[in-house]
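Input: a single structure, listed below in structure tokens.
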Protein chains: 2
Amino acid sequence: MVEYKSSDLDRTFTALSHEVRRSMLARLQQSELRVTELAEPFDMSLNAVSKHIRLLEAANLVTRRVEGRDHWISVNPEPMAQASAWIEAQAKFWSPRLHKLAKLVERKP
Amino acid sequence: MVEYKSSDLDRTFTALSHEVRRSMLARLQQSELRVTELAEPFDMSLNAVSKHIRLLEAANLVTRRVEGRDHWISVNPEPMAQASAWIEAQAKFWSPRLHKLAKLVERKP
DNA sequence: TTTATATTCAACATTATGGTTGAATATAAA
DNA sequence: TTTATATTCAACCATAATGTTGAATATAAA
């Protein structure tokens, strides 16, 4: 059984607080990607992208597999699940509408 | 129908990235609280607490009702539901175990 | 009216984020 | 072996976050 510290949640939420990193995580759900591939959609230096990846790595949201000169980045969803669980734990008194939104349950239009 | 910008998610996740603010939100699920009451559990200046509240307010996670010299703070769960929904949208390829963790669904021990 | 309480404002210091450029390193390709 | 590619390291700058203390403001209580 893994223990979770509140500082882990700090790091997770911090990592999720930037659109660039969220967008990286979203792409990584499909497949692992190299640093250059991850950088491609963004209008910023490779170095900036490298730093975003380092922050994701520090939050344990991605892992890195070095293969020659290529670094393959893949997503680790566990901390996101923890973050989601924290939010759900707050939801005890929420309205059914918000509950459904949070859980992405389909509802009639 | 309300529109959500990615910068809203930025602010929400940033606000959730500090243990003090998460703990405040958790207490506010039960009832609205005055600034001093919110501050009571923490070993920090009232000013620091005031700033945490201001950040939560900027993220629209709490609202403030001024009554005389007292400021009553209450939680607004909507942005948390949005944040949770973003995470759930990532969960397409997750294992059933992670899915259950994220949704806090009970499972056999 | 005087005093105490609730809260914010202003100024300051420290650390973290987010970005840049130029150099270094390691590996692959010509 | 030389050159190109993939990536990080180092130094720097600007801004945001996190905290402090002391003063200001507004309201309630004595």
Side-chain angles (χ1 to χ4, degrees), chain A residues 5-25 27-28 31-75 79 83, chain B residues 5-25 27-28 31-75 79 83:
Chain A
K5 288 177 295 191
S6 75
S7 52
D8 291 342
L9 273 180
D10 287 7
R11 268 185 279 276
T12 303
F13 281 124
T14 298
L16 295 179
S17 73
H18 197 293
E19 166 63 22
V20 165
R21 291 188 293 262
R22 287 197 302 276
S23 151
M24 286 177 171
L25 287 172
R27 289 181 68 211
L28 288 169
S31 67
E32 64 176 358
L33 293 169
R34 293 176 307 132
V35 172
T36 319
E37 291 168 329
L38 269 174
E40 195 271 325
F42 303 111
D43 184 26
M44 61 171 59
S45 73
L46 204 58
N47 248 332
V49 169
S50 180
K51 285 191 185 182
H52 281 299
I53 296 173
R54 184 150 24 110
L55 208 148
L56 288 169
E57 225 177 347
N60 197 31
L61 280 162
V62 303
T63 56
R64 181 189 303 259
R65 177 172 65 81
V66 178
E67 188 183 289
R69 61 183 169 178
D70 296 322
H71 295 206
W72 290 92
I73 311 297
S74 25
V75 73
Chain B
K5 290 178 293 193
S6 75
S7 52
D8 291 342
L9 273 181
D10 287 7
R11 269 185 279 277
T12 304
F13 281 125
T14 298
L16 294 180
S17 74
H18 197 293
E19 166 61 23
V20 164
R21 291 188 295 264
R22 287 196 303 276
S23 151
M24 285 176 170
L25 288 172
R27 289 181 67 210
L28 288 168
S31 66
E32 64 176 359
L33 293 169
R34 293 175 307 133
V35 172
T36 319
E37 291 168 330
L38 269 173
E40 194 272 324
F42 303 113
D43 184 25
M44 62 173 57
S45 72
L46 204 59
N47 247 331
V49 169
S50 179
K51 286 191 184 181
H52 281 299
I53 295 173
R54 188 157 12 118
L55 208 147
L56 287 168
E57 224 177 346
N60 197 30
L61 280 162
V62 302
T63 57
R64 181 189 305 257
R65 176 172 67 82
V66 178
E67 189 183 288
R69 61 184 169 178
D70 295 322
H71 294 206
W72 290 92
I73 311 297
S74 26
V75 73

Could you pull out the closest heavy-atom pair between [X] and [Y], with the gap in Å?
X: A/Thr12; Y: A/Ala83; result: CG2-CB, 4.0 Å
X: B/Arg27; Y: B/Leu38; result: NH1-O, 3.5 Å
X: B/Glu67; Y: B/Arg65; result: OE1-NH1, 2.7 Å

Using whole Å, what does the distance between atom [atom2] of nucleotide [N] and atom [atom1] of [X] come to?
X: A/Asp70; N: C/dT27; atom1: CG; atom2: P; answer: 11 Å
X: B/Glu37; N: C/dA6; atom1: CD; atom2: P; answer: 9 Å
X: A/Ile73; N: D/dA6; atom1: CD1; atom2: C1'; answer: 12 Å
X: B/Leu38; N: C/dT8; atom1: CG; atom2: C1'; answer: 15 Å

## Note on the structure
Reading nucleotides 14-21 of chain D from 5' to 3' and marking B where a protein heavy atom lies under 4.0 Å of the base, S where only the sugar-phosphate is that close, and - otherwise, the string is ---SSBBB
Once rounded to the nearest 0.5 Å, what's the spacing between atom [atom1] of [X] and atom [atom2] of [Y]?
X: A/Ser17; Y: A/Leu55; atom1: OG; atom2: CG; result: 8.0 Å
X: A/Leu61; Y: A/Ile73; atom1: CG; atom2: CD1; result: 12.5 Å
X: B/His18; Y: B/Leu25; atom1: NE2; atom2: CG; result: 12.5 Å
X: B/Leu9; Y: A/Arg22; atom1: CG; atom2: CZ; result: 4.5 Å

### Query
Side-chain N or O of B/His71 less than 4.0 angstrom from OP1 or OP2 on C/dA6?
no
### Query
Should B/Arg34 be listed as having a side-chain N or O under 4.0 Å from OP1 or OP2 of C/dA6?
yes
Would you list the atom pairs, donor with acceptor, under 3.5 Å between side chains in residues 43-53 of chain B and any protein atom, with sequence neighbours excluded?
unit_1	atom_1	unit_2	atom_2	d
B/Ser45	OG	B/Ala48	N	3.1
B/His52	ND1	B/Arg21	NH1	3.0

### Task
Report yes if some heavy atom in the side chain of B/Val75 is under 4.5 Å from a heavy atom in the side chain of B/Leu56; otherwise report no.
no
Could you pull out the protein-nucleic contacts involving nucleotides 28-30 of chain C (nitrogen or oxygen on both sides, under 3.5 Å)?
none

#### Entry: Counterpart residues, side-chain contact (heavy atoms from CB on, under 4.5 Å), relative to A/Arg11 (two or more places apart)
A/Ser7, A/Asp8, A/Ala59
### Set of residues satisfying side-chain contact (heavy atoms from CB on, under 4.5 Å) with respect to B/Arg34, sequence neighbours excluded
B/Glu37, B/Asp70, B/Trp72
### Task
For DNA chain D, produce a single dot-bracket line, 5' to 3'. Pairs: Watson-Crick or G-U wobble, both distances under 3.5 Å. Symbols: ( ) within strand, [ ] crossing, | other strand, . unpaired.
||||||||||||||||||||||||||||||
